[in-house]
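All remarks here apply to the structure that follows.
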Amino acid sequence: MTSTLFRTKKVEQSILDTEEPEHALKKSLSALDLTVFGVGVIIGTGIFVLTGTVAKDNAGPATALAFVAAGVACALAALCYAEFASTVPVAGSAYTFSYASLGELPAWIIGWDLVLEFALGTAVVAVGWSGYIQSLLENAGWTMPVALGSREGADAFGFDILAAALVLVLTGILVVGMKLSARITSVVVAIKVTVVLVVIIAGAFLINGDNYDPFIPEEKPVPAGSSLDSPLIQLMFGWAPSNFGVMGIFTAASVVFFAFIGFDVVATAAEETKNPQRDMPRGILGSLVICTTLYVLVSIVVTGMQHYSELSVDAPLADAFKATGHPWFAGFISFGAAVGLTTVCMILLLGQTRVFFAMSRDGLLPRFFSHVHPRFKTPHRPTILLGVIIAVLAGFTPLTELAALVNIGTLFAFVVVAVGVIILRKQRPDLPRSFRTPWVPVIPILSVCASLWLMINLPAETWVRFGIWMAAGFLVYFLYGRTHSRLATGEEAKAENTP
């Protein structure tokens with residue numbers, strides 16, 4: 001039984017599956033499209049919100065160093081993703097990579113994990129987008145009915161119609177085709193990046209050098225009961241995270257890391273890329289470098305405009321401009337945030353549908369969902385199914401506490417991919433690799449350590465919820481996936497031996 005749980009799918013067969021007419025996705029994306037996708041999904045609420053939170057509570061002006069540390073941790077994972085995505089250019093990202101290196105059960109676990117990560121991520125972002133739109137409408141004198149707007153404060157029935165509508169509209173766009181999605185994303189990302197650049201340039205003229213003193217505030221312990229006061233940290237390392245000081249920078253890095261979530265979604269589009277061997281590494285690494293640079297510059301500007309102890313937690317950039325006598329920037333920044341979240345939601349939904357599609361094509365989920373649209377060549381069935389489910393989820397369910405599951409799911413995927421690079425290098429040294437992760441196994445090991453370190457900074461409740469979801473995944477696999485996979489039925493072997 002152990003041999004069946006860890007049976008691997010050959011890379012050559014994975015690539016061959018992408019050529020089956022009824023299961024083949026249309027190749028239409030370039031390196032620029034992939035970079036835009038990456039920037040589109042990474043730059044979201046993190047750059048508009050987390051900067052103030054960690055500056056005020058954890059790192060002060062040294063928040064810029066926290067973004068650098070988090071960027072380095074992501075870069076280690078990105079190097080591993082780049083090698084896999086260029087070597088195995090198949091939809092599914094970490095799921096497909098795991099199937100080729102670790103085996104079927106680990107692949108199922110990571111695929112199940114990614115389905116949760118992207119679903120909750122899409123719903124959470126849609127709710128955040130709805131909040132920004134409602135704020136803009138209120139500034140214009142229009143107020144949404146409580147029952148159809150934010151669920152906060154609703155006495156009885158409440159449905160966030162804006163969040164649900166956004167998900168359904170984006171679902172329709174993804175069904176029509178990747179090129180249309182890429183064009184819309186390009187326009188929206190251009191607007192979003194312009195807003196960020198305006199904030200950086202305008203804010204640079206409002207910096208007061210005294211606000212950088214001290215650059216690294218004196219260290220203070222995290223208060224008991226804080227979300228960062230994780231029992232796992234004390235259990236494994238014997239110490240608790242700190243506010244401020246040098247350790248405060250690393251504590252802040254574990255928070256701002258979540259502003260980088262999304263570059264791994266680029267890998268899910270490998271099968272729809274014209275030249276994945278060349279363009280996937282460019283798209284993954286390029287988007288990460290661009291976003292890290294913007295994050296560092298924004299944090300430097302906002303902590304220079306207003307003293308870190310006075311920064312707002314909810315809207316630090318907008319309130320910093322208000323404090324310096326430029327209140328009109330608040331609406332401008334809210335507009336940029338609302339526009340930016342549109343692409344975040346779209347690309348997270350894109351990533352989930354591709355993982356679901358890949359799992360169904362392998363037989364681990366019903367094969368009904370592995371057929372592409374005859375005209376658009378997109379996985380329309382899982383896109384519609386998941387779009388409707390997430391729309392309902394975003395409309396009805398308060399997801400604030402569940403949002404941390406997105407973070408632990410992403411970090412878990414990082415660990416699996418890094419380990420997979422080491423194993424596949426040893427098992428298949430003959431595979432052509434257009435991009436090779438440097439210094440293997442050092443870089444993958446460092447990536448695993450960095451991801452695990454960030455994972456243990458998460459609250460214990462998040463680990464419990466993650467464990468419950470994983471237990472449900474094991475149940476589904478043993479009741480359905482193990483006996484229906486193409487490897488179990490022998491379909492892969494037949495296809496491989498067919499001339």
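Sequential numbering from 1 along the given sequence is applied to the chain's residues.
- The structure places CZ of Arg278 at 5.0 Å from CZ of Arg282, a figure rounded to the nearest 0.5 Å.
- In this structure, Cys449 and Ile445 have side chains that are in contact, with non-hydrogen atoms separated by less than 4.5 Å.
- Leu349 contributes atom CG, which lies 5.0 Å from atom OG1 of Thr122 (distance to the nearest 0.5 angstrom).
- You'll find the side chain of Met280 reaches within 4.5 Å of the side chain of Leu34, heavy atoms only.
- Taking both residues in full, the closest heavy atoms of Thr96 and Ala91 are given as OG1-O, 2.6 Å, listed atom of the first, atom of the second, then distance.
- Nearest heavy-atom pair across Val125 and Leu341 is CG1-O, 3.5 Å.
- Here the shortest heavy-atom pairing between Ile43 and Leu294 reads CD1-CD1, 3.5 Å.
- Within the structure, side-chain hydrogen bond (donor to acceptor under 3.5 Å, both in side chains) pairs that include any residue of residues 191-205 comprise Lys192-Thr343 (at least two apart or interchain).
- Judged purely by atom type and a 3.5 angstrom limit, Ser434 uses its side chain to pair as donor or acceptor with the backbone of Gln277.
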Set out, in order, the CA-CA distance, both residues' side-chain angles and the distance that settles side-chain contact (heavy atoms from CB on, under 4.5 Å) for Phe260 and Thr292, then state yes or no.
CA-CA 8 Å; Phe260 288 89; Thr292 301; 3.2 Å; yes
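- The side-chain hydrogen bond (donor to acceptor under 3.5 Å, both in side chains) check on Ser30 picks up Asp33, with sequence neighbours excluded.
- No more than 12 heavy atoms of other residues, nucleotides or ligands shown are found within 6.0 angstrom of NZ on Lys26.
- Between Ile109 and Phe412 the shortest side-chain heavy-atom distance falls below 4.5 Å.
- The closest donor-acceptor contact from the side chain of His373 to the backbone of Phe376 lies under 3.5 Å.
- With sequence neighbours excluded, the residues that form a side-chain contact (heavy atoms from CB on, under 4.5 Å) with Val41 are Val344, Ile347, Leu348.
- The aromatic ring centres of Phe332 and Phe321 sit 6.0 Å or more apart.
- When side chains are defined from C-beta on, Thr342 counts as touching Trp129, because their heavy atoms get closer than 4.5 Å.
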Cut-off 3.5 Å, no hydrogens considered: what does the side-chain donor-acceptor table look like for residues 59-71, sequence neighbours left out?
unit_1 : atom_1 : unit_2 : atom_2 : d
Thr63  : OG1    : Ala55  : N      : 3.4
Thr63  : OG1    : Gly60  : O      : 2.7

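- Contacts of Glu272 classified as side-chain hydrogen bond (donor to acceptor under 3.5 Å, both in side chains), with partners at least two apart in sequence or in another chain: Arg354.
- Checked by atom type and distance alone, the side chain of Ser451 pairs as donor or acceptor with a backbone atom of Ser447 at under 3.5 Å.
- Contacts of Phe335 classified as ring pair (Phe, Tyr, Trp, His ring centres under 6.0 Å), with partners at least two apart in sequence or in another chain: none.
- Between Tyr308 and Pro217 there is a side-chain heavy-atom pair separated by less than 4.5 Å.
- Between Phe369 and Phe356, the ring center distance clears the sub-6.0 Å criterion.
- Applying the side-chain hydrogen bond (donor to acceptor under 3.5 Å, both in side chains) criterion to Arg381, with sequence neighbours excluded, gives no partner residue.
- In this structure Lys426 satisfies the salt bridge (Lys or Arg N to Asp or Glu O under 4.0 Å) test with no other residue, sequence neighbours excluded.
- Glu271 and Thr18 form no side-chain donor-acceptor contact under 3.5 Å, judged by distance and modelled atom types alone.
- Inspection of the Ser130 and Asp160 side chains reveals an N or O donor paired with an N or O acceptor under 3.5 Å.
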side-chain contact (heavy atoms from CB on, under 4.5 Å) between Val372 and Thr378, worked out
CA-CA 5 Å; Val372 298; Thr378 58; over 6 Å; no
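- Evaluation of the side-chain hydrogen bond (donor to acceptor under 3.5 Å, both in side chains) rule for Ser370 yields His23 as partners, not counting sequence neighbours.
- Side-chain polar atoms of Asp362 and Tyr95 form a donor-acceptor pair below 3.5 angstrom.
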Assess whether side-chain contact (heavy atoms from CB on, under 4.5 Å) is satisfied between Tyr81 and Phe97, documenting all intermediate values.
CA-CA 9 Å; Tyr81 268 89; Phe97 308 156; 4.0 Å; yes
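- Residue Met470 holds its CE atom at 4.5 Å from CG of Asp113, rounded to the nearest 0.5 Å.
- Considering CG of Leu311 and CG of Asp319, their distance stands at 9.0 Å, rounded to 0.5 Å.
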Please table the atom pairs, donor to acceptor, closer than 3.5 Å between any side-chain atom in residues 261-269 and protein atoms at least two apart or in another chain.
unit_1 : atom_1 : unit_2 : atom_2 : d
Asp264 : OD1    : Gly262 : N      : 3.4
Thr268 : OG1    : Val265 : O      : 2.5

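- Scanning both residues, Ala450 and Leu76, for their nearest heavy atoms gives CB-CD1, 4.5 Å.
- Identified under the salt bridge (Lys or Arg N to Asp or Glu O under 4.0 Å) test for residues 435-451, with sequence neighbours left out: none.
- For Asn211 (side chain) and Gly304 (main-chain N/O), a donor-acceptor pair under 3.5 Å exists by modelled atom type.
- In this structure, CH2 in Trp439 is found 9.5 Å from CG in Leu79, a value given to the nearest 0.5 Å.
- Phe84 has its side chain within reach of Val421: a pair of non-hydrogen atoms, C-beta onward, lies under 4.5 Å apart.
- Annotation for Val199 and Val301: closest pair O-CG1, 4.1 Å, computed over non-hydrogen atoms.
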Do Asp17 and Val90 pass the side-chain contact (heavy atoms from CB on, under 4.5 Å) test, and can you show the C-alpha distance, the side-chain angles, and the key distance before you say yes or no?
CA-CA 9 Å; Asp17 288 346; Val90 179; over 6 Å; no
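- The CG atom of Leu424 sits 10.5 Å away from the OG atom of Ser98 when rounded to the nearest 0.5 Å.
- At least one side-chain heavy atom of Val39 sits less than 4.5 Å from a side-chain heavy atom of Cys291.
- Among residue pairs with one or both ends in residues 69-85, those qualifying as salt bridge (Lys or Arg N to Asp or Glu O under 4.0 Å) are Glu83-Arg425, Glu83-Arg433; sequence neighbours excluded.
- Ring geometry, Trp469 versus Trp112: the interplanar angle falls under 30°, so the pair is classed parallel (tilted spans 30 to 60°).
- When side chains are defined from C-beta on, Phe118 does not count as touching Leu386, because their heavy atoms never get closer than 4.5 Å.
- The minimum heavy-atom distance linking Ala126 with Ala163 is given by the pair O-CB, 3.6 Å.
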